[in-house]
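Notes to accompany the following structure.
Any value given below was found using the heavy atoms of this structure, including those in side chains, with hydrogens, waters and symmetry copies removed.
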Amino acid sequence: MEGKIFVITSGKGGVGKTTATSSIGAALAMAGKRVAVVDMDIGLRNLDVVMGLENRIVFNIVDVVQGKCKLSQAAIKDRRINNLFLIPASQSDNKDVLKPEDMVRLGKKLKEEFDIVLMDCPAGIERGFENAVAAADEALVICTPEVSSVRDADRIIGLLYARSITPKLILNRINPAMTANGDMLNHEDVTDVLSIELIGLVEADDNVIVASNLGKPLVMINDSKAGQAFIRIAMRLDGHEDIPIQVPKSGSTLWRKIGSKLGFK
């Protein structure tokens, strides 16, 4: 059966696309899927560092497209997780070196080799975005609970629909205490504005920085709330739609109720 390509995008940089790509990819591979994560940020690659594979790069996606190597030569196998492969971006080229039609051709090859392909889309809505979405079947839109991020996500969603790509929403970096206090948008506010299917809520988690610095997939850190959230997202993508979406809750809910009755904030 032919594989499926998901593009992971946001329009805005710094919202967690690369963390989401590596985490979901690792979780799907741990569940038995043959997975490729593809860094589409030509010139500014980071997915290799997050995955701890930066020292093993020989070829990259530009080399594959230009026929300098085979797809299998550019795909770096993760030593810790079976069936997980990275196809890195080029560090020395710019985004114009690839064209959408190149990615359509490469996408066909990727779907023959892998069950699931995750494209880590660069920030912006220009050539890098066009390349990343060219071969995509579906999209995961990453958004944080900030007005500027929601606005950018709304713009991206419109562009995806115009290309007949169905988007799903991941709301990232939720702070439950700020949400409870009304200082941060809650997920109902965001989904009301964006009007697309919500596939996961991810709590802000210091383990994201720890995992990135270690070059270790976040989902391999047992006490990571964000890692567990990405595992649930991966399972939903894998067809387990009955898994409920867990809303991050502040651990101080009871004390906040008691404090409010006593007149404390």
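With sequence neighbours excluded, no residue satisfies side-chain hydrogen bond (donor to acceptor under 3.5 Å, both in side chains) with Thr19. Considering only residues two or more places apart in sequence or on other chains, Arg163 meets the side-chain contact (heavy atoms from CB on, under 4.5 Å) condition with Phe129, Glu130, Val133, Leu159, Ile165.
Evaluated for a side-chain contact (heavy atoms from CB on, under 4.5 Å) with Val15, the options Thr144, Thr9, Val141 yield exactly one hit, Thr144. Each of Asn213, Leu214, Asp206, Val208 was checked for a side-chain contact (heavy atoms from CB on, under 4.5 Å) with Val210, and the lone residue meeting it is Leu214. In summary, of the residues considered (Asp39, Ile76, Leu110, Asp120), a side-chain contact (heavy atoms from CB on, under 4.5 Å) with Ile87 occurs for Leu110 alone.
In this structure, the side chain of Gln73 engages the main chain of Lys70 through a donor-acceptor pair within 3.5 Å. In this structure, the side chain of Asp205 engages the main chain of Lys225 through a donor-acceptor pair within 3.5 Å. Side chain of Asp93 to main chain of Ser90: no donor-acceptor pair is present (N/O by atom type, distance under 3.5 Å, no hydrogens or angles). Between the side chain of Arg34 and the backbone N or O of Phe114, no donor-acceptor pair lies under 3.5 Å. At least one donor-acceptor pair under 3.5 Å links the side chain of Asp102 to the backbone N or O of Lys99.
In this structure, Cys143 and Lys12 have side chains that are not in contact, with every pair of non-hydrogen atoms separated by 4.5 Å or more. With a 4.5 Å cut-off on side-chain heavy atoms, Arg236 and Arg232 count as touching. Residues Val62 and Leu98 form a side-chain contact, since some pair of their non-hydrogen atoms from C-beta on lies under 4.5 Å apart. In this structure, Gln66 and Val97 have side chains that are in contact, with non-hydrogen atoms separated by less than 4.5 Å. Residues His187 and Val247 form a side-chain contact, since some pair of their non-hydrogen atoms from C-beta on lies under 4.5 Å apart. Under the 4.5 Å side-chain criterion, counting only non-hydrogen atoms from C-beta, Glu203 is not in contact with Asn172. For the pair Pro176 and Pro248, the minimum side-chain heavy-atom distance is below 4.5 Å. A 4.5 Å side-chain heavy-atom check between Ile81 and Pro217 finds at least one atom pair inside the cut-off.
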Going through the distances and angles, do Ile156 and Ile125 end up as a side chain to side chain contact (heavy atoms under 4.5 Å, CB included)? CA-CA 8 Å; Ile156 285 294; Ile125 55 174; 3.4 Å; yes

Hey, mind stepping through Ile8 and Cys121 against side chain to side chain contact (heavy atoms under 4.5 Å, CB included) and telling me if it holds? CA-CA 6 Å; Ile8 298 182; Cys121 184; 5.9 Å; no

Verdict with supporting geometry, Asn83 and Lys33, side chain to side chain contact (heavy atoms under 4.5 Å, CB included): CA-CA 7 Å; Asn83 297 325; Lys33 297 295 182 182; over 6 Å; no

So Glu2 and Lys108, side chain to side chain contact (heavy atoms under 4.5 Å, CB included) or not? Walk me through it. CA-CA 9 Å; Glu2 189 176 70; Lys108 292 178 181 178; 6.0 Å; no

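Interatomic distance, Lys77 NZ to Phe85 CZ, rounded to the nearest 0.5 Å: 5.5 Å. Here the straight-line distance linking atom NZ of Lys111 with atom CD1 of Ile116 works out to 12.5 Å at 0.5 Å rounding. One finds the CG atom of Leu28 at 6.0 Å from the CG atom of Leu237 (value rounded to the nearest 0.5 Å). Asn46 CG to Lys17 NZ: the interatomic distance, rounded to the nearest 0.5 Å, is 10.5 Å. To the nearest 0.5 Å, atoms CG (Leu218) and CD1 (Ile24) are separated by 11.0 Å. Here Glu188 contributes atom CD and Thr179 contributes atom OG1; the two are 10.0 Å apart, rounded to the nearest 0.5 Å.
Annotation for Arg151: atom CZ does not count as buried by contact number, only 12 or fewer foreign heavy atoms lying within 6.0 Å. A 6.0 Å sphere centred on CG of Asp183 holds more than 12 heavy atoms belonging to other residues, nucleotides or ligands. No more than 12 heavy atoms of other residues, nucleotides or ligands lie within 6.0 Å of CZ in Arg155, so this atom counts as exposed by the packing criterion. Sparse packing is recorded around CD of Glu126, with 12 or fewer heavy atoms of other residues, nucleotides or ligands lying under 6.0 Å away. Within 6.0 Å of atom NZ in Lys168, more than 12 heavy atoms from other residues, nucleotides or ligands are found, so the atom counts as buried in its surroundings.
Scanning both residues, Gly227 and Ser224, for their nearest heavy atoms gives N-OG, 2.9 Å. The minimum heavy-atom distance linking Val193 with Asp154 is given by the pair O-OD1, 4.4 Å. Taking all atoms of both residues into account, the shortest heavy-atom contact from Gly16 to Ile142 is C-CG2, 4.4 Å. Of all heavy-atom pairs between Pro167 and Ile157, the closest is CG-CG2, 4.0 Å. Minimum interatomic distance between Asn60 and Ala74 (heavy atoms only, all atoms of both residues): O-CB, 4.1 Å. Shortest non-hydrogen contact noted between Val37 and Gly25 is CG1-CA, 4.1 Å.
Val202 and Leu185 are members of different hydrophobic clusters when ILVMFWY side chains are connected at heavy-atom separations under 4.5 Å. Phe6 and Met40 are members of different hydrophobic clusters when ILVMFWY side chains are connected at heavy-atom separations under 4.5 Å. By the rule that hydrophobic residues join a cluster once side-chain heavy atoms approach within less than 4.5 Å of another member, Leu86 and Met220 end up as members of one cluster. Leu53 and Leu71 fall into different hydrophobic clusters, where Ile, Leu, Val, Met, Phe, Trp and Tyr side chains are chained together by heavy-atom contacts under 4.5 Å. Under the 4.5 Å side-chain heavy-atom criterion for ILVMFWY residues, no single connected hydrophobic cluster contains both Ile61 and Met51.
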